[in-house]
Structure formats: structure tokens, C-alpha cells
Amino acid sequence: MGSKLNLLRQYVDVDSALRYIEKRRHEDGGYCFVSALDDTNVNDTYYAVKVYELLGLEVPEKEKTIEFLENAIQPQTAVVAIAMALEGLAILGAKDIAKEHVDIVYTKYNPVEGKFAVGLGGSEEFGTATPLEATYWVTKAFKAIGHDFSGEEKDAIRAFVMKFRKGNGYGVKHATTTMTYQALYTLHTLGYKPPKSPHFRNCELCGEWGGFTEVPYSLPPYIEPTFYATRGLELQGETPTCPRRHVWFIRQLQNSNGGFRRSLELGISNFQNTYRALAVVDSMRRFV
């Protein structure tokens, strides 16, 4: 098994997390976080692929998963899900297949025409995707498959992202950790150099809590802002103040089925939270 697996075993029960993912793989190559359901979907499949990538492991029967993700790229599919499918294909070594479907992205996302996501549909974070979230996912997917935006597209995206600037961060009504990271990642990926934001540091909880929050000086911590703040600090070349406490926070989120929930309160496991939990531990272990 991969060396990353051995490293993470020191901090969380990564073997039970892996079993949680493996048990929820279906015959069509897709995954569903509710094991009893056959309703495989792009979101769960994407995060299963990301877990295997993080741990340095091969995706079981990956050709089936490649076929599943390619088949999911349809005109009616939400742009965030299409972007996930493209990135998933790239991770699985199918960049050429992913590139064949770039045109469908432009039917929903065309910055030069001012289309920053048509028919947004489902969202990773907010129920209904914001155009900034869609921008982040499309940028991430295009980077993964090696498709470059034109100079005109980059300028249009930058101008659009800057509309979300709220003080030290980015958001709709006020700056949030999730949207601040999505904005900064997009700008950095496009080659721009925005100033460092103190937002992530202001959302860090040490003491008895651990983890990060969506807005500064608030409670409680959740896995989403903890993941995005960890990525944000890395993006800015900064380090967390209390990494051991953040690892403690993540450890408390693991459920008996091996998956992770989003908060210290009761909650169900899902693939998204499980990937993010493992990714945070992987980042924090370098500092503990």
C-alpha cells in the first residue's frame, strides 16, 4: 500500500476510512455514499477518486470509473459536476478523453460572453452554486486537463472574481473562508498575484476547539472552512498556528463507519467530508 497511507495511519483510522469508500463502489464504476442506494453520482465518484489519489492508491477497476465519469458529462449536467468529471478523468489518466468534452463547458461557462454558469444546478457548498464557485471548479478542471484559457478569458474571469471582493476576503454579502479560497485559487491559477489575505488566520481556532470557521471570530468550526483555510494558508506560503489542535479536531469527526462528518456535533459521514478530513491531516502532519 502507498506510503501516504502509512503516514496518515499515525493520526487517524485511515484504513476504516478506505473501507468506507471501497464498500460504496458500484458495478457501473460510480460511487454512492449511502451504501444501500444504487444512485451513483459524480460528486461521490469524484471524491472517491480524490481519496485514492491522496493515499497514493490505484482506483479499483478504474476503466469502469472512467466510463462512468465520461458518460456523466451531458448537456443537462450542472457545470460544477462537469468540472468534477473532467478533473476526475485527468486523475485517472484519461486527460485525452476529458479534453474531448471541453466544448460542453463553454455552453454553460463562457467568460468572454459574460456567461459565468448557465443553469447552475447543484452546488458543492450552498445548495445552489454561485457563479464564483462555478468559476473555481472550471478553473480547477481546466488546469487538471491542461486546457488554457485565452488572455481575453483570463481578464474577464479576473474582473468577475474581483466583484466578490469584500474587505480582506471574498464573498457575496461578506467574506467567507470558502469563497475567499475559491477566489484566490482562481486568481493564482490564472497567473495573477493578489495580496495575501488575513482572513484564514482570523478564522483559526486554537485552544479547546481546533479547526477553522467560515467567518472570523465565530464558532463552531466545520470541516469545509477547515479544508479551505488549510489550502488558503498553503497558497499564501503560510503555516497554521496550532496544527496539533486541528488534527485533534479532525479525529473527533470520524464516525464508526470510517467516514467523517462535518462538525463536532452528530452528523452522517459522506465522501466529501472524508476526503477533506484526510487532506487536512495530510497537510497538518508536516507541522506536528
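From a predicted model like this one, the values you see are computed outputs, not experimental measurements.
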[X] [atom1] to [Y] [atom2] distance, which is reported to the nearest 0.5 Å:
| X | Y | atom1 | atom2 | result |
| --- | --- | --- | --- | --- |
| Ser256 | Asp13 | OG | CG | 11.0 Å |
| Thr226 | Met284 | OG1 | CE | 7.5 Å |
| Glu27 | Thr40 | CD | OG1 | 11.0 Å |
| Ile268 | Asn273 | CD1 | CG | 8.5 Å |
| Arg231 | Thr177 | CZ | OG1 | 14.5 Å |
| Gln236 | His188 | CD | NE2 | 6.5 Å |

Please check if [X] and [Y] belong to a single hydrophobic cluster, counting links between Ile, Leu, Val, Met, Phe, Trp and Tyr side chain heavy atoms closer than 4.5 Å.
| X | Y | answer |
| --- | --- | --- |
| Leu190 | Val102 | yes |
| Ile157 | Val112 | no |
| Ile250 | Phe227 | yes |
| Trp209 | Phe260 | yes |
| Phe287 | Val281 | no |

For [X] versus [Y], what's the shortest heavy-atom pair and its separation?
| X | Y | answer |
| --- | --- | --- |
| Val138 | Ala83 | N-CB, 4.0 Å |
| Met179 | Leu132 | CE-CD2, 3.6 Å |
| Ser283 | Thr230 | CB-CG2, 3.5 Å |
| Val172 | Lys166 | O-CE, 3.1 Å |
| Val42 | Ala72 | CG2-CB, 3.3 Å |
| Ala17 | Leu278 | CB-CD1, 4.5 Å |

Short side-chain to backbone donor-acceptor contact, [X] and [Y], under 3.5 Å:
| X | Y | result |
| --- | --- | --- |
| Asp44 | Phe33 | yes |
| Asn270 | Gln272 | yes |
| Thr107 | Asp103 | no |
| Lys108 | Lys115 | no |
| Glu70 | Ile97 | no |

inquiry  = Parallel, tilted or perpendicular, judged at 30° and 60°: which one describes the rings of Tyr185 and Tyr136?
reply    =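 Geometry flag for Tyr136 against Tyr185: perpendicular rings.
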
ask   = Angle class for the Tyr47/Tyr275 ring planes (parallel below 30°, perpendicular above 60°, tilted otherwise)?
value = tilted

For a 4.5 angstrom cut-off between non-hydrogen side-chain atoms, does [X] reach [Y]?
| X | Y | value |
| --- | --- | --- |
| Asn255 | Tyr20 | no |
| Thr241 | Arg201 | yes |
| Thr186 | Tyr170 | no |
| Thr239 | Leu233 | no |
| Thr189 | Lys140 | no |
| Leu92 | Leu69 | yes |
| Leu184 | Ser197 | yes |
| Ser16 | Gln254 | yes |

Do [X] and [Y] get their side chains close enough for a donor-acceptor pair, meaning under 3.5 Å?
| X | Y | result |
| --- | --- | --- |
| Asn6 | Arg9 | yes |
| Thr178 | Glu214 | yes |
| Thr180 | Tyr228 | no |

Stepwise side-chain contact (heavy atoms from CB on, under 4.5 Å) check, Glu61 with Arg25 = CA-CA 10 Å; Glu61 297 186 283; Arg25 178 169 60 89; 2.6 Å; yes

By disulfide bond (SG atoms under 2.5 Å apart) - contacts of Cys242 (at least two apart) =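 Counting only residues at least two positions away or on another chain, Cys242 forms a disulfide bond (SG atoms under 2.5 Å apart) with Cys206.
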
More than 12 foreign heavy atoms under 6.0 Å from [atom1] of [X]: is that the case here?
| X | atom1 | answer |
| --- | --- | --- |
| Arg286 | CZ | yes |
| Glu153 | CD | yes |
| Leu219 | CG | yes |
| Arg285 | CZ | yes |

In residues 48-58, what donor-acceptor pairs under 3.5 Å come from side-chain atoms, sequence neighbours left out?
{"residue": "Lys50", "atom": "NZ", "partner": "Glu87", "partner atom": "OE2", "Å": "3.2"}

message = Ring of Trp248, cation from Arg245 - is the NZ or CZ under 6.0 Å from the centre and inside 45° of the axis?
response = yes

inquiry  = Is the terminal nitrogen or CZ of Arg24 (NZ for Lys, CZ for Arg) located under 6.0 angstrom from the six-membered ring centre of Tyr31 and within 45° of that ring's axis?
reply    =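 Pair Arg24/Tyr31 does not count as cation-pi.
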
inquiry  = So, using ring-ring contact (aromatic ring centres under 6.0 Å, His included) as the criterion, who are the partners of Phe160 when residues are at least two apart?
reply    = Phe116, Phe164

Ring centers of [X], [Y] separated by less than 6.0 Å:
| X | Y | answer |
| --- | --- | --- |
| Tyr46 | Trp137 | yes |
| Tyr181 | His199 | no |
| Phe142 | Phe149 | yes |

key: Criterion side-chain contact (heavy atoms from CB on, under 4.5 Å) on Val59 and Ile91, from CA distance to verdict   = CA-CA 10 Å; Val59 173; Ile91 294 168; over 6 Å; no

inquiry  = Using side-chain hydrogen bond (donor to acceptor under 3.5 Å, both in side chains), reason through Tyr109 and Thr135 one step at a time and then give a plain yes or no.
reply    = CA-CA 8 Å; Tyr109 187 89; Thr135 295; 2.8 Å; yes

Glu224 and Arg262: CA distance, side-chain angles, deciding distance, salt bridge (Lys or Arg N to Asp or Glu O under 4.0 Å) verdict = CA-CA 7 Å; Glu224 307 97 291; Arg262 70 186 293 258; 2.6 Å; yes

query = Given the rule in the salt bridge (Lys or Arg N to Asp or Glu O under 4.0 Å) test, do Glu22 and Arg19 qualify, once you have shown the distances and angles that lead to the verdict?
reply = CA-CA 5 Å; Glu22 289 175 335; Arg19 286 193 296 271; over 6 Å; no

